[in-house]
Amino acid sequence: MKTVLSVIPLFFLLCSCYNEKELPESDLSVGLYVEVGGQSLSRTVTGTDGSVTFADGDRVGLFSEGLENPVLWTFADSRWSNADNVKWQNRTDDFEFLAYYPCINMSGVTRHSVPMPDLSEQSGDIADIGEKDFLVGRCISSYSDNDGVVSFSGDNSFSHVCSLLYLNIVSDDPESEVTLSECEFSGEGIVTPHVYSFDSSSMEKSDSEEASVLQIKDLSSLSSIAVIINPVSLETPLRFTLVYFRDGSKYEASASLGKDFPAATFSKVTLRIVNGSLVMTGNEVRDWNIVTLDDIVLIGSSM
């Protein structure tokens, strides 16, 4: 998944070999088919505006009502497809559809315990944020609402669960050559492992201990740093420590980045290197873009 948010809506369209009147009132067996518009999409990578797109290899999990385990969708050749069948139970009642990205594995996954990406290892490159970005969507629909079309768009669009932090590092001396080396983020629980529960619509800690330090050992190819952290409200401000080279000499500097990093927010911070110290000269916090999935078409036949 790319975080260059121009992701698109999701349709479930039930078609039949028979006309509408001949369809049974229950047990509509449907196969999942996803149709994507003509737009060229790339792996969910986060752009500097926080946008998201999808590409080949992306995997989304879908819970349908009555199914405890998810059905896997895989994105390839500009379309979503799945190997399993999904079933409308009848044409009149409302049913709930739950979906999440990324679908890391299928074994033992339930709607009250969905594995979330490991945030303890990150590259700092905004192009890799899609591997750590966790998205969820919820939609309630009946077959009769729109001839079997269920759309993860509008109020039902996917949303980000964690918090995105983007640091732009600039030098006070444009004549000096500055190369980033490594960095560390330190704050209570910022990368503690979690699972997501659709039952409570919230993150729940895994059995593992708190993880409060995120280290990135190689920043040599970067001029800015992007990371995803758990949504937190800290007693002590998040500490950022940067090791860098300036005209061949090695330096270390630290800065406080604030205490509150709510879910689904995009914090864009400018840090300036002034006399060997990091000074915050800009801090923009805004809601992270809503993610709308491509239309998913369920093509079914009467039983």
Side-chain angles (χ1 to χ4, degrees), residues 1-8 39-60 75 101-102 104 116-136 158-171 178-187 190-191 213-232 238-244 253 255 257-258 261-273 278 280-293:
M1 174 178 79
K2 261 191 182 177
T3 307
V4 180
L5 256 165
S6 36
V7 193
I8 347 177
Q39 181 177 354
S40 176
L41 303 176
S42 52
R43 186 169 184 77
T44 24
V45 174
T46 306
T48 55
D49 63 346
S51 56
V52 173
T53 55
F54 289 96
D56 287 359
D58 278 338
R59 293 156 54 100
V60 171
F75 190 77
Y101 170 91
I104 301 170
M116 297 180 65
D118 179 7
L119 302 182
S120 64
E121 295 185 5
Q122 300 187 52
S123 69
D125 190 341
I126 198 164
D128 296 333
I129 286 296
E131 298 176 2
K132 304 297 181 180
D133 189 12
F134 189 75
L135 310 171
V136 295
F158 270 39
S159 60
H160 301 273
V161 174
C162 295
S163 183
L164 172 62
L165 182 58
Y166 180 81
L167 306 183
N168 187 32
I169 313 293
V170 297
S171 174
V178 174
T179 302
L180 306 185
S181 177
E182 58 185 279
C183 70
E184 178 180 290
F185 296 84
S186 180
I190 58 172
V191 289
V213 176
L214 169 60
Q215 295 179 322
I216 302 175
K217 293 296 187 180
D218 183 10
L219 300 172
S220 57
S221 62
L222 304 179
S223 59
S224 57
I225 303 166
V227 295
I228 287 201
I229 61 174
N230 292 323
V232 291
L238 179 65
R239 192 71 175 168
F240 173 70
T241 302
L242 176 69
V243 177
Y244 64 95
L257 302 181
F261 298 89
T265 56
F266 180 16
S267 301
K268 207 168 183 180
V269 179
T270 299
L271 294 173
R272 185 175 295 275
I273 300 173
L278 286 175
M280 186 184 298
T281 60
N283 187 6
E284 177 188 356
V285 180
R286 63 175 184 268
D287 290 340
W288 205 348
N289 289 339
I290 295 297
V291 181
T292 304
L293 281 187

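Keep in mind that what you see is a predicted model, and the values were worked out from it rather than measured. Position 1 is the first residue of the sequence, and the numbers go up from there.
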Q. Considering only heavy atoms from C-beta outward, does the side chain of L242 approach that of L271 to under 4.5 Å?
A. no
Q: Find the distance between OG (S181) and CD1 (I216) and round it off to the nearest 0.5 Å.
A: 12.0 Å
Q.
A side-chain contact here means heavy atoms from C-beta on lying under 4.5 Å apart; do I129 and Y166 qualify?
A. no
Q: Using salt bridge (Lys or Arg N to Asp or Glu O under 4.0 Å) as the criterion, list what pairs up with E184, not counting sequence neighbours.
A: none
Q: With rounding to the nearest 0.5 Å, note down the distance linking CD in E121 to NZ in K132.
A: 6.5 Å
Q. Quick one: CG on N168 to NZ on K268, what's the gap to the nearest 0.5 Å?
A. 8.0 Å
Q. Looking at side-chain heavy atoms only, is the closest gap between C162 and M116 below 4.5 Å?
A. yes
Q | Qualifying residue, where the test is side-chain contact (heavy atoms from CB on, under 4.5 Å) with Q122 and the options are D128, I225, I228 | A | I228
Q: Say whether, by atom type as modelled, one donor and one acceptor occur between the side chain of N230 and the main chain of V232 under 3.5 angstrom.
A: no
(Q) Do V227 and I190 make a side-chain contact, defined as non-hydrogen atoms from C-beta onward lying under 4.5 Å apart? (A) no
(Q) Would you compute the distance between atom CG of L222 and atom OG1 of T179 and round it to the nearest 0.5 angstrom? (A) 11.5 Å
Q) So do the side chains of V60 and F158 get within less than 4.5 Å of each other, counting heavy atoms only? A) yes
(Q) Using 0.5 Å steps for rounding, measure from the CH2 atom of W288 to the OG atom of S159. (A) 10.5 Å
Q: Apply ring-ring contact (aromatic ring centres under 6.0 Å, His included) to F261 and list each qualifying residue two or more places apart in sequence or on a separate chain.
A: none
Q) Should F185 and L167 count as side-chain neighbours, where that means a heavy-atom distance under 4.5 Å? A) yes
